[in-house]
Amino acid sequence: MGKTTTGLQLAKSSVRLDSSPELSGLAEASPRSVLTGDTPRLIDEWQLAPTLWNAVRHEVDQRGAPGQFILTGSATPADDVTRHSGAGRFRRVTLRPMSLAESGESTNDVALSAMP
């Protein structure tokens with residue numbers, strides 16, 4: 001299962017910024033427009049509109065409730081001195097690639113740990 005699928009299982013609403021160039025442009029120009037929705041709100045491929053990071057941080061501070069947003073992305077935007085670290089507001093979760101057994105490409109009958 002990938003990051004978007006996992007996020008969608010937890011989210012009550014979502015926006016996928018890679019679905020159209022106009023949407024990522026709108027998110028960059030008017031971040032609050034994509035923050036509106038039932039929570040937790042999944043914002044997939046957030047890095048396409050890097051200003052969202054600070055907008056989410058401010059929205060989290062204003063709402064004062066945990067678990068408002070799930071940000072997923074397949075890339076990390078370039079460092080930006082104006083982007084806050086997110087300390088105290090963001091928690092990073094790293095998803096590992098699926099194992100061959102999880103993807104159905106192996107029966108998992110042989111394990112390296114069982115080898116002499």
Side-chain angles (χ1 to χ4, degrees):
M1 200 174 333
K3 63 182 173 19
T4 303
T5 303
T6 301
L8 286 169
Q9 290 180 347
L10 302 168
K12 290 192 178 163
S13 68
S14 66
V15 59
R16 299 177 75 167
L17 297 184
D18 61 345
S19 64
S20 77
E22 294 82 17
L23 189 54
S24 59
L26 174 65
E28 187 68 12
S30 178
R32 292 195 100 193
S33 65
V34 298
L35 301 183
T36 303
D38 292 338
T39 61
R41 181 153 175 83
L42 171 66
I43 303 172
D44 189 37
E45 300 298 347
W46 75 270
Q47 80 281 353
L48 296 175
T51 59
L52 279 173
W53 185 268
N54 283 338
V56 168
R57 176 177 65 97
H58 290 293
E59 195 69 18
V60 166
D61 287 348
Q62 183 179 29
R63 294 180 185 185
Q68 296 290 303
F69 300 99
I70 302 167
L71 304 180
T72 60
S74 54
T76 303
D79 282 339
D80 178 351
V81 296
T82 65
R83 191 176 308 121
H84 187 273
S85 69
R89 296 168 189 88
F90 293 87
R91 182 167 296 150
R92 291 181 189 265
V93 176
T94 302
L95 297 179
R96 304 282 181 220
M98 289 175 36
S99 70
L100 292 175
E102 289 173 314
S103 67
E105 297 178 52
S106 170
T107 60
N108 214 22
D109 290 336
V110 177
L112 291 176
S113 61
M115 299 181 99

(message) Are the side chains of Ser14 and Asp44 in contact, using a 4.5 Å heavy-atom criterion?
(response)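 A side-chain contact under 4.5 Å is absent here.
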Mind listing the closest non-hydrogen atom pair of [X] and [Y] along with its distance?
X: Val60; Y: Phe69; value: CG2-CD1, 4.0 Å
X: Gln47; Y: Thr72; value: OE1-O, 4.1 Å
X: Thr51; Y: Pro31; value: OG1-CG, 3.8 Å
X: Gly67; Y: Pro40; value: O-CB, 3.3 Å
X: Ile70; Y: Gly7; value: CD1-O, 3.9 Å

Spacing of [X] atom [atom1] and [Y] atom [atom2] [to the nearest 0.5 Å]:
X: Thr4; Y: Leu42; atom1: OG1; atom2: CG; answer: 6.5 Å
X: Leu23; Y: Glu45; atom1: CG; atom2: CD; answer: 12.0 Å
X: Arg16; Y: Leu48; atom1: CZ; atom2: CG; answer: 12.0 Å

(message) Quick one: does any side-chain atom of Ser24 pair with a main-chain N or O of Pro21 as donor and acceptor, under 3.5 Å?
(response)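 Yes.
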(request) Please answer whether the main-chain N or O of Arg41 pairs with a side-chain N or O of Ser13 as donor and acceptor at a distance below 3.5 Å. (result)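 Looks like no, no N/O pair under 3.5 Å.
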(request) Please check if atom CZ in Arg32 has more than 12 non-hydrogen atoms from other residues, nucleotides or ligands closer than 6.0 Å. (result)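 Counting other residues, nucleotides and ligands, CZ of Arg32 stays at 12 neighbours or fewer.
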(request) Have a look at Leu35 and tell me which of Glu59, Gln68, His58 forms a side chain to side chain contact (heavy atoms under 4.5 Å, CB included) with it. (result)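 That would be Glu59.
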(request) Under the side chain to side chain contact (heavy atoms under 4.5 Å, CB included) rule, what do Leu52 and Ile43 come out as? Steps first, then yes or no, please. (result) CA-CA 9 Å; Leu52 279 173; Ile43 303 172; 3.9 Å; yes
